[in-house]
Structures are given as C-alpha cells and as structure tokens.
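See structure below.
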Amino acid sequence: MFYFQLSCDKRGLLTNTSYTGVARKTQLNVINETQQQILRGAIGQFQMAAANQSLRPKVVALYKTLLHLGKDYPKGYEYFRTKLKTVFIKNQNLTDPKDIELMIARGEYIVKELEALYMLKKYRTLKRRYGDVK
C-alpha cells in the first residue's frame with residue numbers, strides 16, 4: 001500500500017511523494033477513479049488557495065483603511081480596534097472566494113459610511129463655529 005502526499009511544483013505539476021521518499025512527476029491520466037477524484041480535489045483546493053491568496057492584499061488593505069478611519073471614531077480608537085479585530089478573526093476561516101468578496105464589499109461600504117459620518121461631523125463643527133452666512 002502506498003501513501004501519497006500531494007503537492008505542486010512551480011510549474012503547476014502535481015508531485016506524488018510515496019512513503020519511500022521517491023518523488024516523481026505525474027500527469028492527470030491516472031487509471032483509478034478514486035485517485036482521479038483525489039487529484040481533482042487537490043487541484044480544486046490549490047485553485048481555491050490561489051484565489052484566496054489573490055484576495056489577501058485586498059483584505060489587508062481594507063483592514064488598514066478601517067484601522068486608520070477608526071482613529072476618529074466617536075467611541076474611541078480602542079473600542080473600534082477591538083471590534084474590528086473581533087470581526088476579522090471571526091471571518092478568517094472563510095475559504096470561498098465569493099464569500100470573501102462579499103465581506104470585502106461590506107467592509108468597503110462601512111468605509112464609505114465612516115467617511116460620510118466624519119464629513120457630517122466636520123460640517124456640523126464648521127456650521128456651529130461660523131454660523132449662517134447671509
């Protein structure tokens with residue numbers, strides 16, 4: 001009985017490493033159906049991991065943007081930071097790219113709402129300070 005560890009090299013070819021430690025390149029024309037299903041699953045996971053890696057910079061940029069905007073949050077920076085960290089940790093196990101895109105869209109909506117809140121705060125301060133100009 002052979003145990004295989006599936007991995008990919010730089011060119012995207014699957015490498016099967018048996019228990020003897022001998023590695024050989026394989027193609028996807030495997031005879032056994034269960035082995036084909038295993039390989040398809042491994043390729044699907046590899047593609048999903050690649051898609052998640054392409055979304056990672058977007059998530060990090062969103063987190064940094066929200067942290068920056070949290071400095072002026074009415075309840076304080078520490079409150080905002082702890083809530084933000086809690087939400088991001090809660091959603092760190094998402095693997096489906098569609099779900100991750102949905103969460104990024106929600107985060108961008110929150111960014112816009114915070115910017116609108118700060119603009120309104122600034123407008124009210126200026127109006128209170130200088131009053132109506134006639």
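In this chain, numbering begins with 1 at the start of the sequence shown.
Between Met103 and Leu62, the closest heavy-atom pair is O-CD2, 4.5 Å. Leu66 approaches Phe80 most closely through the heavy-atom pair O-CE2, 3.0 Å.
When hydrophobic clusters are built by joining Ile, Leu, Val, Met, Phe, Trp and Tyr residues whose side-chain heavy atoms come closer than 4.5 Å, directly or via intermediates, Val59 is not grouped with Leu102.
For the pair Arg81 and Glu78, the salt-bridge criterion is met [side-chain N within less than 4.0 Å of a carboxylate O].
Separation of atoms NE2 (His68) and OG1 (Thr65) is listed at 8.5 Å; rounding is to 0.5 Å. The distance from atom CG of Leu126 to atom NZ of Lys122, rounded to the nearest 0.5 Å, is 7.5 Å. Note that CE of Met119 and CD of Glu115 are 7.0 Å apart. Values are rounded to the nearest 0.5 Å. In this structure, Lys83 NZ and Phe88 CZ are separated by 15.0 Å, a value rounded to the nearest 0.5 Å. Put simply, CG on Leu55 and CD on Glu101 are 5.0 Å apart, with the number rounded to the nearest 0.5 Å.
Looking only at distances, a side-chain donor or acceptor of Asn91 sits under 3.5 Å from a matching main-chain atom of Val87.
Using cut-offs of 30° and 60° on the angle between ring planes, the pair Tyr73 and Tyr79 is parallel.
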